[in-house]
Number of protein chains: 2
Amino acid sequence: MSQKHDRRFARSQQAIIEAGIATLLRNPSAGMSEIADAAGIGRATLYRHFDSREALVRKLALTCMEETQAALQPHEDLSGRAAVEAIIDVLMPMTDRFRFLVSLWSLVEGDAQVARIEARMRDEMLDMFQQGIAAGDFRADLPASWMAAFFDSTLMAGWTLVEAGSATSAEAAAFVKRSFLAGCGK
Amino acid sequence: MSQKHDRRFARSQQAIIEAGIATLLRNPSAGMSEIADAAGIGRATLYRHFDSREALVRKLALTCMEETQAALQPHEDLSGRAAVEAIIDVLMPMTDRFRFLVSLWSLVEGDAQVARIEARMRDEMLDMFQQGIAAGDFRADLPASWMAAFFDSTLMAGWTLVEAGSATSAEAAAFVKRSFLAGCGK
DNA sequence: AAGATGTGATACAAGCATGTCTCAGAAACA
DNA sequence: TGTTTCTGAGACATGCTTGTATCACATCTT
C-alpha cells in the first residue's frame, strides 16, 4: 500500500473514520466540530483530511461498504442456508458498519459510486437467494427481492436488540438465524 | 371537538402535518422553508402554527403515534396469530406514519411524552407476544422482546419493498405475514 | 540534529436556517 | 356587508455551521 503519509496522518484518519461513523450514527446531523471532538482532533485537521462534510460522509459510506464486502468475500462460494448462517455470523459483530449504511442512506444515496457498489452488493444477495430457492433451500412462494429486504431488516432487528441491552451479539445472531431461516426456509 | 379556528387554519394544519411527515421522511434535515413549500403555504404561516421546528417535529411524532394507536384500537382484544395478521393488515397501508417514527426516532427520542407513549405501545406489543407464547401460538425459544423487534423490522421490510415498486401493499402484507408467522409461529 | 510534515488553536468571511415582526390582502364568519 | 381572522410576502436580526487561512508547536523521518 501507499505509505506516503506520516504515522500521525494515518492515526488521525483512522480516528476520524471511527468517530465519524459512531457520531453520525448517534446524531445524523452532527457537524464537523462535533465529529472532530469525538475523534479527539482539531477541526482544522479534520478539514485537512476531508475537503468537506459531504466528502467525509461519502468516504465513511464507502469504507463501510468496503469492509462489509471484505468480510463477506471468504463466504462467496457458500449458498443457501449455509451462506445465510455464515453471513449473519460475520455481520452481527459489525454493527456500526452495516447500520451506518442503512440508517444514513439518505445522506449518500445521491452519490454515483456509492449507488453502483450498493447495486452490485444487492445483486449478489439476490443471486444468493435465487440460488437457494432453486436448490430447494428456501420457499418458492416468496420472491428473492422480498428475502433480501427481509434479511437486511432482520439483521437490523438483531442490532436493535443488542443496542437495547436485551441480548448479547451471539444471542441476537441466534435469534436472527432462527427467525430468518424459519421465515424463508422450507 | 374544539372548533375554535377558521377553516383555513384547519386546512393549513392538515397540510403542514401531511407535508411535514412526507418531507422529513424524504430528507430528515429539511428546513422550515422546505416544509412550508411542500405544504403549499408561507413560512410565516408555518411559524404561526408551530413555535419552532422542534415543536413541529414533536407534533408530527405524536400524531403518528396517535393515528397508529387509533388504528390498532379495534383489534386490542385479539391475540396470537390473529392479532398479528390484523395488525399487519391495518399498518401496511399506513406506511408514512409508522415509518416516520422508526426512521426519525433520533429526532424525538429525547421528548418525555413521546417516550412515555412509545413505552406504553411497546409494552402492549410485548404483552401480545407473551400471551401468544403462553397460548402456544408462538415458539417458546424466542423472547418476546425479540419478537417485537423482529415484527417492527419485518413491517419495515414490507414498506421498503412497496416503496421500491417491487410489490403492492397487499402483496407486501402477505409476505410479511408469511415470513413473520413462519419465523415466530410454531 | 535538521528538515519536512502534520497538528491544534484561533480568527475570519460567507452562507444558511431560525425565529420575529409588519403590512396589505384574501377568506371566513355572522 | 362589515368585521374578524388567517394568510403570504418580505425585511430583519441572530446564531450556527461551513470552509479558509495563518502561526507556533509537536512529531516523524533521515
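Everything numeric in this text was worked out from a predicted model, so none of it was measured. Residue numbers begin at 1 in each chain, while the letters A, B, ... track the order of the sequences.
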Is the shortest side-chain N/O distance from [X] to OP1 or OP2 of [N] below 4.0 Å?
X: H49(B); N: dT7(D); result: yes
X: S33(B); N: dA17(C); result: no
X: S12(A); N: dT7(C); result: yes
X: H5(B); N: dC6(D); result: yes

Q) Taking the inter-plane angle between the rings of H49(B) and F9(B) on a 0 to 90° scale, is it parallel (under 30°), tilted (30 to 60°) or perpendicular (over 60°)? A)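 H49(B) vs F9(B) ring planes: parallel.
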
(Q) Would you call the rings of F180(A) and F138(A) parallel, tilted or perpendicular, taking 30° and 60° as the class edges? (A)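 Rings of F180(A) and F138(A): perpendicular, over 60°.
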
Rounded to whole angstrom units, what separation is found between the [atom1] atom of [X] and the [atom2] atom of [N]?
X: F9(A); N: dG8(C); atom1: CZ; atom2: C1'; answer: 16 Å
X: L46(A); N: dG19(D); atom1: CG; atom2: P; answer: 10 Å
X: F50(A); N: dT18(D); atom1: CZ; atom2: P; answer: 15 Å
X: D6(A); N: dA4(C); atom1: CG; atom2: P; answer: 14 Å
X: R7(B); N: dA27(C); atom1: CZ; atom2: P; answer: 13 Å
X: R11(A); N: dG8(C); atom1: CZ; atom2: C1'; answer: 13 Å
X: I35(A); N: dG8(C); atom1: CD1; atom2: P; answer: 15 Å

Q. What's the spacing between D37(A) CG and R43(A) CZ if we round to 0.5 Å?
A.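 It is 10.0 Å, given to the nearest 0.5 Å.
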
Donor-acceptor contacts, no H, no angles, side chain residues 94-107 of chain A, under 3.5 Å, sequence neighbours left out:
from    : atom 1 : to      : atom 2 : distance (Å)
T95(A)  : OG1    : M92(A)  : O      : 3.4
R97(A)  : NH1    : E67(A)  : OE1    : 3.2
R97(A)  : NH1    : E67(A)  : OE2    : 3.3
R97(A)  : NH2    : E18(A)  : OE1    : 3.3
R97(A)  : NH2    : E18(A)  : OE2    : 2.3
R99(A)  : NH2    : E163(A) : OE2    : 3.1
S103(A) : OG     : R99(A)  : O      : 3.1

(Q) Under the rule for salt bridge (Lys or Arg N to Asp or Glu O under 4.0 Å), what residues qualify as partners of E118(B), not counting sequence neighbours? (A)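 Salt bridge (Lys or Arg N to Asp or Glu O under 4.0 Å) check on E118(B) returns R122(B).
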
Q: For the residue pair D152(A) and T154(A), confirm or rule out a side-chain donor-acceptor distance under 3.5 Å.
A: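 Distance-only check fails for D152(A) and T154(A).
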
Q: When you get a sec, tell me which of dT7(D), dC6(D), dG8(C) is the closest nucleotide to the side chain of I41(A)?
A: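 Nucleotide nearest to I41(A)'s side chain: dG8(C).
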
**Q.** In one Ile/Leu/Val/Met/Phe/Trp/Tyr side-chain cluster, 4.5 Å: F151(A), M147(B)
**A.**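 Yes; tracing contacts between hydrophobic side chains, which count when under 4.5 Å, links both residues.
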
Q: Treat primed atoms plus P, OP1 and OP2 as sugar-phosphate and everything else as base, then score nucleotides 19-25 of chain C 5' to 3': B for base contact with protein heavy atoms under 4.0 Å, S for sugar-phosphate contact only, - for none.
A: BBBB---

